Amino acid sequence: MHVRAVAASTTAFMGAAVLLLPTSAAHAAPDADNPLVVAHRGASAYAPENTLAAVDKADDMGFAWVENDVQRTKDGRLVVLHDATLARTTNVEELYPGRAPWNVRDFTAAEIARLDAGSWFGSRYAGARVPTLEQYMRRVSRNHQKLVLEIKNPQLYPGIERQTLKVLSNEGWLTPWHLRKRLVIQSFSADTVRKVHELRPAVKTGFLGTPAIADLPEYATFADQINSSYTTISQAYVSTIHAFEGPHGKPLEILTWTVNDAANARRVAGYGVDGIITNKPDVIKEATQG
């Protein structure tokens with residue numbers, strides 16, 4: 001599906017909403033003053049992103065929900081890393097100087113396991129590693145946390161949807177209890193979100209982006225959430241999302257990203273968003289929940 005960014009004004013949103021809302025009553029979002037707070041890549045303002053240290057930091061701060069990113073190595077292992085390249089958050093250039101541009105898919109899991117993924121952030125995190133998805137899930141489980149898992153760059157990794165689900169299943173994360181309360185799988189690729197829904201219909205899914213209102217009925221067939229950048233949404237758009245039912249017969253939800261300051265947190269909370277993804281969960285919680 002062609003996905004278009006929402007650029008219309010609030011007035012235009014409201015007009016479109018009148019024409020396109022389904023016949024069911026509009027969803028009243030959860031308490032607008034208390035959106036869910038999700039620690040982006042772990043508590044990534046305070047520990048190196050997507051590492052076990054960032055997961056633990058979020059736990060230490062009292063946050064149950066974390067978000068992560070999944071890529072695939074040359075030998076087919078899933079690792080938790082945001083970028084398609086290892087250069088920004090590891091010492092790969094130092095350890096493997098002749099292998100630019102240092103793409104994840106060009107390195108084996110064993111080679112990646114040697115990298116320092118913490119020193120770039122601060123000396124106290126020297127020696128932190130890029131976790132495999134299995135290692136990451138075990139830490140999240142140990143901490144009794146919940147996960148928004150993003151499948152990154154699926155065009156680079158054919159079959160990554162099925163593989164991700166297999167790892168989650170092996171780690172006990174596709175039980176009915178987990179699926180009801182602890183897991184969302186999201187992606188910027190509508191095809192990937194649709195594929196996850198087709199493979200495991202019980203999994204809660206999220207599309208990353210801001211589809212045009214006219215496209216929301218189609219998204220609602222395979223996505224439970226529309227997770228949009230906070231710079232692209234309005235109160236009218238949030239209300240329109242809530243008026244649609246997703247594939248599990250519940251109103252669509254919206255998590256917005258990446259909000260790191262109190263003013264914008266209060267603004268999007270006022271829109272009625274269901275959750276806020278943030279590098280600074282403590283700042284967002286204080287701003288929206290007091």
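What you see is a predicted model; the values in this text were computed from it and never measured.
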> Can you find a pair of side-chain heavy atoms, one from V66 and one from V38, that are under 4.5 Å apart?
Replying inline: no
>> Would you say that D106 contacts K74 through its side chain, given a criterion of any heavy-atom pair below 4.5 Å between the two side chains?
In response: no
>> Between R99 and E93, is there a side-chain heavy-atom distance shorter than 4.5 Å?
In response: no
>> Could you check whether F107 and Y96 have their ring centres less than 6.0 Å apart?
In response: yes
>> Are there over 12 heavy-atom neighbours, none belonging to R142, within less than 6.0 Å of that residue's CZ?
In response: yes
> Could you state the interatomic distance from CD1 (I233) to CD1 (I226), rounded to the nearest 0.5 Å?
Replying inline: 12.0 Å
> Do other residues, nucleotides or ligands put more than 12 heavy atoms under 6.0 Å from E94 CD?
Replying inline: no
>> If you define the side chain from C-beta out and look only at heavy atoms, does anything of L81 sit under 4.5 Å from D69?
In response: no
> To the nearest 0.5 Å, how far apart are CG in L174 and CG in L168?
Replying inline: 5.5 Å
> When you measure from the side chain of Q71 to the backbone N and O of L78, does any donor-acceptor pair fall under 3.5 Å?
Replying inline: no
>> Is the ring pair Y125/F121 parallel, tilted or perpendicular, if the boundaries are 30 and 60 degrees?
In response: perpendicular
> When K204 is tested against each of I185, V184, L179 for side chain to side chain contact (heavy atoms under 4.5 Å, CB included), which residue passes?
Replying inline: V184
> With side chains defined as the heavy atoms from C-beta onward, is the minimum distance between F63 and P281 less than 4.5 Å?
Replying inline: yes
> Side chains of R138 and E171: does their closest heavy-atom pair fall under 4.5 Å?
Replying inline: yes
> Is there a donor-acceptor contact under 3.5 Å from the side chain of E49 to the main chain of H82?
Replying inline: no
> Distance under 6.0 Å and angle within 45° of the ring axis: does R194 meet both against F222?
Replying inline: yes
>> I'd like to know if the side chain of S119 reaches the main chain of S123, judged simply by a donor and an acceptor atom lying under 3.5 Å from each other, with no hydrogens or angles considered.
In response: no
>> Around atom CZ of R124, are there more than 12 heavy atoms from other residues, nucleotides or ligands closer than 6.0 Å?
In response: no
> Is it the case that T231 and S229 place a side-chain donor and acceptor less than 3.5 Å from each other?
Replying inline: yes
>> Looking at R182, I'd like to know if its CZ atom is crowded, meaning that more than 12 non-hydrogen atoms belonging to other residues, nucleotides or ligands lie closer than 6.0 Å.
In response: yes
> According to the interplanar angle, ranging from 0 to 90°, do the rings of F188 and W257 count as parallel (below 30°), tilted (30 to 60°) or perpendicular (above 60°)?
Replying inline: perpendicular
> Once you round to the nearest 0.5 Å, how far does CD1 of I151 lie from NZ of K195?
Replying inline: 11.5 Å
> Would you call the rings of H197 and H248 parallel, tilted or perpendicular if under 30° counts as parallel and over 60° as perpendicular?
Replying inline: perpendicular
